[in-house]
Amino acid sequence: GPVLEIRNVTAAYGPGLPPAVRDVTLTVPRRGHLAIVGPSGAGKTTLLSLILRFLEPQEGELRLDGTPYRDLTHAEIRSRLAYVEQDTPIVPGTIGENVRYAAPDATDDEVAGVLRAIRLADKVDTLDEGLDTPLTSTSVSGGERQRIALARALLRTPEVLLLDEATAQLDGLTEDAIHRCVRERAATGAVVTIAHRLSTVIDADTIVLMEAGRVRAQGTHGELLERD
Ligand code: ADP
Ligand code: ADP
């Protein structure tokens, strides 16, 4: 079955507030890239918050690998999912330490592999130096911070990798590195991204179009273009 199921989920931020997500049903397959696209206010971030269980639905339910969220603890859900945070904290120390921070048990080889995959090592000449390059929160660019967040998430070897591109200010290099990682990761696992525009998720296997809290359409990039 699918790794993640969202069934008829409706959620509001408070009593009396209109639902930010309305009767959304969606399944995330075990492999592949599913992109959620829509304008500002469509409910994309809310859906992500529901998946990460930062928010509880008023109606409907979510399931992780067939188990309803109500039978799982928050900690368990968050240990099985990885979210690439926009403002990932930078700890004083090396790139390696920064990446390892979210996955203390990762081996040097695993850390090096992830840094290579996201081309974070390009900040310096060699990977070894890359691992040992000291960082301070002021010496890290937005793009590097974004890639550190992705590296942390990848090291957690999550069942679902969640990425928010809609609020990201990505430079071209970072965008390329992230897109390549998403493609590689989607070959063996589940990736869910959220984005503003169809043009940034051309290679997603499935695109879900959201508008005013609802799923308006679902299909490949080609199918959705034909629809318009
Ligand atoms: P998107 O990520 O697609 O831009 P959001 O999920 O952030 O959309 O927002 C969906 C709706 O929920 C919007 O109407 C937004 O104003 C509202 N909303 C988002 N976050 C909050 C919040 N913390 N409190 C109240 N309303 C919110
Ligand atoms: P804690 O439960 O105290 O956050 P963790 O070991 O779960 O401890 O996480 C350590 C760090 O890893 C967090 O501070 C956060 O930056 C990151 N992290 C935690 N959960 C996730 C997640 N689901 N996705 C991505 N990063 C996470």
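Only a predicted model underlies this, so the values are computations on that prediction, with no experimental measurement involved. The analysis underlying the following values was restricted to heavy atoms, covering all of them including side chains, and did not include hydrogens, waters or symmetry mates.
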When you measure from the side chain of Gln58 to the backbone N and O of Ala12, does any donor-acceptor pair fall under 3.5 Å?
-> yes
Any side-chain donor paired with an acceptor under 3.5 Å for His33 and Thr193?
-> yes
Donor-acceptor pair, side chain of Lys44 and main chain of Gly213, under 3.5 angstrom | no
Which is it for Arg100 and Asp108 under the salt bridge (Lys or Arg N to Asp or Glu O under 4.0 Å) test, yes or no, and what are the steps along the way?
-> CA-CA 9 Å; Arg100 200 189 293 276; Asp108 284 351; 2.7 Å; yes
Closest non-hydrogen contact found for Leu47 with Val21 is N-CG2, 4.0 Å
4.5 Å side-chain heavy-atom contact, Leu198 and Leu225 | yes
Does the side chain of His179 come under 3.5 Å of the side chain of Glu184 through a donor N or O and an acceptor N or O?
-> no
Mind checking the CZ-OG1 spacing from Arg214 to Thr25? Nearest 0.5 Å is all I need.
-> 11.0 Å
Hey, is Asp203 close enough to Arg183 for a salt bridge, meaning N to O under 4.0 Å?
-> yes
CZ-CG distance between Arg216 and Leu209, expressed to the nearest 0.5 angstrom | 9.5 Å
Judged by atom type as modelled, is there a donor-acceptor pair below 3.5 Å linking the side chain of Glu110 to the main-chain atoms of Thr107?
-> yes
Reference residue Glu159; test salt bridge (charged side-chain N to carboxylate O under 4.0 Å, His left out); the match among Arg80, Arg30, Arg31 = Arg80
Is Val28 close to Pro2 at the side-chain level, that is, under 4.5 Å between some pair of heavy atoms?
-> no
Non-hydrogen atoms of Pro29 and Val3 that approach each other most closely = O-CG1, 3.6 Å
Would you indicate whether the side-chain heavy atoms of Thr10 and Pro57 approach each other to under 4.5 Å?
-> no
Taking 4.0 angstrom as the limit, do Glu56 and Arg53 come out as a salt bridge?
-> yes
Would you indicate whether the side-chain heavy atoms of Ile207 and Thr220 approach each other to under 4.5 Å?
-> no
With rounding to the nearest 0.5 Å, note down the distance linking CG in Leu81 to CZ in Arg78.
-> 9.5 Å
Which pair of non-hydrogen atoms, one from Pro158 and one from Ala153, has the smallest distance, and what is that distance?
-> CD-O, 3.4 Å
Which pair of non-hydrogen atoms, one from Asp205 and one from Gly32, has the smallest distance, and what is that distance?
-> OD2-CA, 3.2 Å
In Å, rounded to the nearest 0.5 Å, how long is the span from CG of Leu162 to CG of Leu34?
-> 10.5 Å
Give the intermediate values and the outcome of side chain to side chain contact (heavy atoms under 4.5 Å, CB included) for residues Ile6 and Thr27.
-> CA-CA 6 Å; Ile6 300 164; Thr27 59; over 6 Å; no
Between Val9 and Glu59, is a side chain to side chain contact (heavy atoms under 4.5 Å, CB included) present by the stated rule, with each step listed?
-> CA-CA 5 Å; Val9 163; Glu59 284 169 47; over 6 Å; no
Flag side-chain contact, heavy atom, 4.5 Å: Leu52 against Ile77 | no
Run the numbers on Leu163 and Val192 for side chain to side chain contact (heavy atoms under 4.5 Å, CB included), then give the verdict.
-> CA-CA 6 Å; Leu163 258 136; Val192 176; over 6 Å; no
Does the distance from a Lys or Arg side-chain N to an Asp or Glu carboxylate O, for Glu61 and Arg63, drop under 4.0 Å?
-> yes
With distance as the sole test, does Tyr69 use its side chain to make a donor-acceptor pair with the main-chain N or O of Ile51 at under 3.5 Å?
-> yes
For the residue pair Gly219 and Glu223, what are the closest heavy atoms and their distance?
-> CA-OE1, 3.2 Å
Going by heavy atoms in the side chains, are Arg7 and Val24 under 4.5 Å from each other?
-> no
What heavy-atom pair brings Ala217 and Leu224 nearest, and what distance separates the two atoms?
-> CB-CD2, 3.7 Å
Mind checking the CZ-CG spacing from Arg116 to Asp109? Nearest 0.5 Å is all I need.
-> 8.0 Å
Out of curiosity, Tyr101 OH to Ile148 CD1, how far, rounded to the nearest 0.5 Å?
-> 12.0 Å
Check the side chains of Arg152 and Thr88 for a donor-acceptor pair under 3.5 angstrom, ignoring hydrogens and angles.
-> yes
Under 6.0 Å from the CZ atom of Arg180, do we count more than 12 heavy atoms belonging to anything else shown?
-> yes
Report yes if some heavy atom in the side chain of Glu76 is under 4.5 Å from a heavy atom in the side chain of His74; otherwise report no.
-> no
Could you tell me whether a side-chain N or O of Arg22 sits under 3.5 Å from a main-chain N or O of Ala11, the two making a donor and an acceptor?
-> no
Going only through I, L, V, M, F, W and Y residues with side-chain contacts under 4.5 Å, is there a path from Ile202 to Val208?
-> no
Could you check Leu62 against Glu5 for side chain to side chain contact (heavy atoms under 4.5 Å, CB included), going step by step and ending with a plain yes or no?
-> CA-CA 6 Å; Leu62 291 93; Glu5 293 163 86; over 6 Å; no
Validation row: Val201, His221 side chains within 4.5 angstrom (heavy atoms) = no
